[in-house]
2 protein chains.
Amino acid sequence: MRRAPAGAHPPANPLYKEVKNRLMRGLVAGEWKPGQAIPSEWRLAGRYGVSVGTLRRAVDELVAEKIVQRRQGSGTFVTTHTEDHQLYYFFHIVSTGGGKEAPTHELLSFRRDRAKGEAASQLKLERGEPVYRIHNVLKLADRPVIFDEITLPVARFPDLTKSLLAARAGTIYGLYQARYGINVIRISERLSAARASSRQAAGLQLREGEPALIIKRVAYTYHDTPVEYRVSCVNTAQHEYLSDLWKGAPAGAAEP
Amino acid sequence: MRRAPAGAHPPANPLYKEVKNRLMRGLVAGEWKPGQAIPSEWRLAGRYGVSVGTLRRAVDELVAEKIVQRRQGSGTFVTTHTEDHQLYYFFHIVSTGGGKEAPTHELLSFRRDRAKGEAASQLKLERGEPVYRIHNVLKLADRPVIFDEITLPVARFPDLTKSLLAARAGTIYGLYQARYGINVIRISERLSAARASSRQAAGLQLREGEPALIIKRVAYTYHDTPVEYRVSCVNTAQHEYLSDLWKGAPAGAAEP
DNA sequence: TTCGATTTGTTCGTATGTATT
DNA sequence: TAATACATACGAACAAATCGA
C-alpha cells in the first residue's frame with residue numbers, strides 16, 4: 001500500500017525514512033532537547049500513524065548516528081555532549097602508551113574578528129562577516145599538547161564571552177548545546193604535518209619550526225550545517241592521533 | 001539478580017547474537033568466500049532454527065560492519081576488497097583540493113626478515129619470527145606521496161614473492177584475500193608528525209628532515225587477529241589525511 | 001523492601017512490494 | 001514471464017530494565 005499515487009514525487013521514500021525525517025525536524029526545532037527523553041515508541045507510533053516496528057526502525061537509524069540513545073526500561077534520550085561517555089567522542093588524541101588522560105584547558109585569547117580565508121569558506125560565511133576567534137591550549141598530564149584556533153560565527157553564538165567559555169563545566173560542545181541549542185553531531189578533519197608557527201610553538205612550549213600535526217576540523221550540526229572551524233596544532237612527541245576504521249562509510253545523512 | 005542459577009554460562013546472549021557468531025564462524029572457516037553469496041535468509045533461518053526476522057537481525061550487524069553486503073533480488077555477498085567501491089575504503093589520503101586520484105604503485109624492495117620491536121608486538125609475534133619486509137611507494141598524479149614499510153608474518157602468507165606482489169591486479173588487501181583467504185575487515189591507525197628519515201625522504205623525493213605525516217597502521221581480520229603492520233610516511237605538501245567522524249564508536253565486535 | 005506500571009529489547013509470524021535473473 | 005531474494009510494514013507476545021509508589 002504505497003501511499004501517494006506518485007505525482008512524479010521524490011523517489012517515494014520508505015515510510016520509516018519519512019518518520020525519521022519527521023523526528024529529525026522535531027529535534028532541530030528543539031521540541032525535545034538534549035538530555036531529555038522523546039515520547040515512548042508506543043506514543044510516537046500513534047502520533048505518526050505507523051506501527052511500532054516501523055517507528056523503531058526510524059529510531060534505529062537515529063541511534064546508529066548517535067543522535068539519540070536508548071535506555072531499556074527508561075526511554076529514548078537526545079544525545080548530550082556533557083556525559084563522560086561522550087566526552088571522548090570527538091577527541092582522538094591519546095598518549096603514545098595508549099591510555100587516555102583527563103585534559104585541562106587554558107583559554108589564551110578571545111576576540112571578535114571578521115571571517116576570511118578557509119574559515120569563511122568552510123563555515124559558508126561571506127568574507128567579512130563577524131566571527132569569534134579563540135585561542136586555547138589543552139594540556140594532558142600537565143604538559144601542553146594541543147594548540148587550538150577556533151573560529152565561530154557570531155550569528156550562531158550571540159553574546160558569547162570569554163568568561164562564559166572559561167567557566168564552562170564540560171566540553172566546549174557541551175556549551176554550544178546547553179547555551180545555544182546547537183548539537184554537534186559530526187565532524188570532518190583533515191590532517192597534515194607541518195612546521196609549527198611561532199604562535200603555535202609558543203603555545204606548546206615547542207621550538208619554532210619543529211614538526212607538528214595540523215588538524216583542520218569542521219564541526220556540523222543537523223542538516224550538515226557547519227558551526228565551528230578549528231585549526232589544531234598537536235605536539236606528537238608523546239601523543240598520537242588515533243583513528244579506528246571499520247564501518248560506517250559516510251552513509252545515512254544527506255538523503256532528503 | 002542475574003537470572004541464571006549461575007551455571008557459569010556466558011551472559012546468555014540474545015539469539016541473534018548467537019546466530020551472528022555462527023555466521024562469523026562460517027565466514028572464518030571459509031565456508032563462504034569473499035565475493036560469493038551466502039545462502040538465502042529463508043535457508044539460513046531454517047538452518048539455524050530461527051525466524052527470518054531474527055536471521056535478518058544477525059545479518060544486519062554483519063552488514064553494518066561491512067563484512068557482507070546485501071543486494072536486493074540477488075542475495076547477500078561476502079565483502080570483497082577488489083571492487084571499486086571498496087578500493088578507497090581504507091584509503092584516506094586526498095589531495096588538498098579534495099579530489100581523490102587514482103594511485104599507482106612502485107615496489108621498491110621485498111625481503112625476508114625477523115620480527116622485532118613494534119611490528120612484532122603489534123602482530124603478536126615472538127621476537128625473531130620470520131616476516132616479510134616490503135618497501136613501497138604510492139604515487140598520486142605521478143608524484144610520490146606515500147612511502148610504506150609493510151611487515152607481514154610469513155606464517156600467514158606462505159610463498160609470497162616479489163613478483164606476486166608486483167603483479168597484483170587490485171589493492172594489496174585484494175591479494176591477501178584472493179590468494180590467502182585473509183579478509184581485512186578493520187584497521188587501526190595512529191598518526192603523528194615527525195621529520196622524514198633519510199630512507200623515507202629518498203622514497204618521496206623530499207629533503208631529509210622535512211616534516212612528514214607518520215601513520216602506523218595495524219590491519220585486522222576476523223576476531224581482531226592482526227595480519228599486517230605498516231608504517232607510512234606521507235608528504236602532506238599537496239595531500240591530506242581525511243577523517244570523517246560521526247558514528248560508530250568501536251562497537252559491535254569483540255563480544256564472543 | 002516489594003510491587004506494579006512503563007519502556008525498551010527480543011522473537012516470532014505474516015503479507016506485500018521491488019529488484020534481479 | 002516466472003521464480004527467487006531481499007525490503008518494507010504490520011502485529012503480537014513476552015523478557016528485562018527502570019523507576020516511583
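Computed from a prediction, not measured in an experiment: that's the story for all the values here. Just so we're on the same page: letters track the sequence lines, and every chain starts at 1.
Shown here for Thr80(B) and Gly35(B), the closest heavy-atom pair between the two residues is OG1-N, 3.2 Å. Heavy-atom minimum distance, Pro158(B) versus Tyr132(B): C-OH, 4.0 Å.
Gln69(B) has its CD atom 12 Å from the P atom of dA7(D), to the nearest Å. Between Arg56(A) atom CZ and dT11(C) atom C1' the separation is 12 Å, expressed in whole Å. dT10(C) atom P lies 12 Å from atom NZ of Lys20(B), rounded to whole Å. Whole-Å rounding puts the Gln72(B) CD to dT18(C) C1' distance at 5 Å. The distance between atom CZ of Arg71(B) and atom C1' of dT18(C), rounded to the nearest whole Å, is 17 Å. Summarising the geometry, the separation between CZ on Phe77(A) and C1' on dT7(C) is reported as 10 Å, rounded to the nearest angstrom. In this structure, Leu55(A) atom CG and dG9(C) atom C1' are separated by 15 Å, rounded to whole Å. In this structure, Tyr16(B) atom OH and dT10(C) atom P are separated by 4 Å, rounded to whole Å.
Note that Arg217(A) lies outside the cation-pi zone of Tyr229(A), set by a 6.0 Å cut-off to the ring centre and a 45° limit from the axis. Taking the ring axis of Tyr48(B) as reference, the NZ or CZ atom of Arg22(B) does not stay both within 45° of it and closer than 6.0 Å to the ring centre.
Using a 4.0 Å heavy-atom distance criterion, Arg57(A) is classed as a sugar-phosphate-only contact. In this structure, Val50(A) reaches the sugar-phosphate backbone alone: every heavy-atom distance under 4.0 Å involves primed, P, OP1 or OP2 atoms, never a base. Within 4.0 Å (heavy atoms only), Gly53(B) reaches no atom of the nucleic acid at all.
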Notebook entry, point to check: For DNA chain C, what string of dots and brackets results from 5' to 3' when Watson-Crick and G-U pairs need both distances under 3.5 Å, crossing pairs get [ ], and pairs with another strand get |?
Noted result: .||||||||||||||||||||
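Thr76(B) has a side-chain polar atom (N or O) that falls below the 4.0 Å cut-off from OP1 or OP2 of dC6(D). OP1 or OP2 of dA17(D) has not a single side-chain nitrogen or oxygen of Ser74(A) nearer than 4.0 Å. Residue Ser51(B) has no polar side-chain atom (N or O) positioned under 4.0 Å from OP1 or OP2 of dT11(C).
Sequence neighbours left out, the pairs with a member in residues 27-46 of chain A that pass salt bridge (charged side-chain N to carboxylate O under 4.0 Å, His left out) are Glu31(A)-Arg47(A), Glu41(A)-Arg56(A), Glu41(A)-Arg70(A).
Once rounded to the nearest 0.5 Å, the distance linking CD1 of Ile172(A) with CG of Leu152(A) reads 6.5 Å.
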Next item on the list: Might you work through the salt bridge (charged side-chain N to carboxylate O under 4.0 Å, His left out) test for Glu189(A) and Arg230(A), ending with a clear yes or no?
Entry: CA-CA 9 Å; Glu189(A) 299 188 320; Arg230(A) 174 188 301 217; over 6 Å; no
Check: Given the rule in the side-chain contact (heavy atoms from CB on, under 4.5 Å) test, do Trp32(B) and Leu23(B) qualify, once you have shown the distances and angles that lead to the verdict?
Finding: CA-CA 10 Å; Trp32(B) 315 293; Leu23(B) 287 168; 4.1 Å; yes
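For the segment residues 40-48 of chain A, residues with any heavy atom less than 4.0 angstrom from an atom of DNA chain C are, sorted by number, Ser40(A), Glu41(A).
Checked by atom type and distance alone, the side chain of Ser74(A) never pairs as donor or acceptor with a backbone atom of Arg71(A) at under 3.5 Å.
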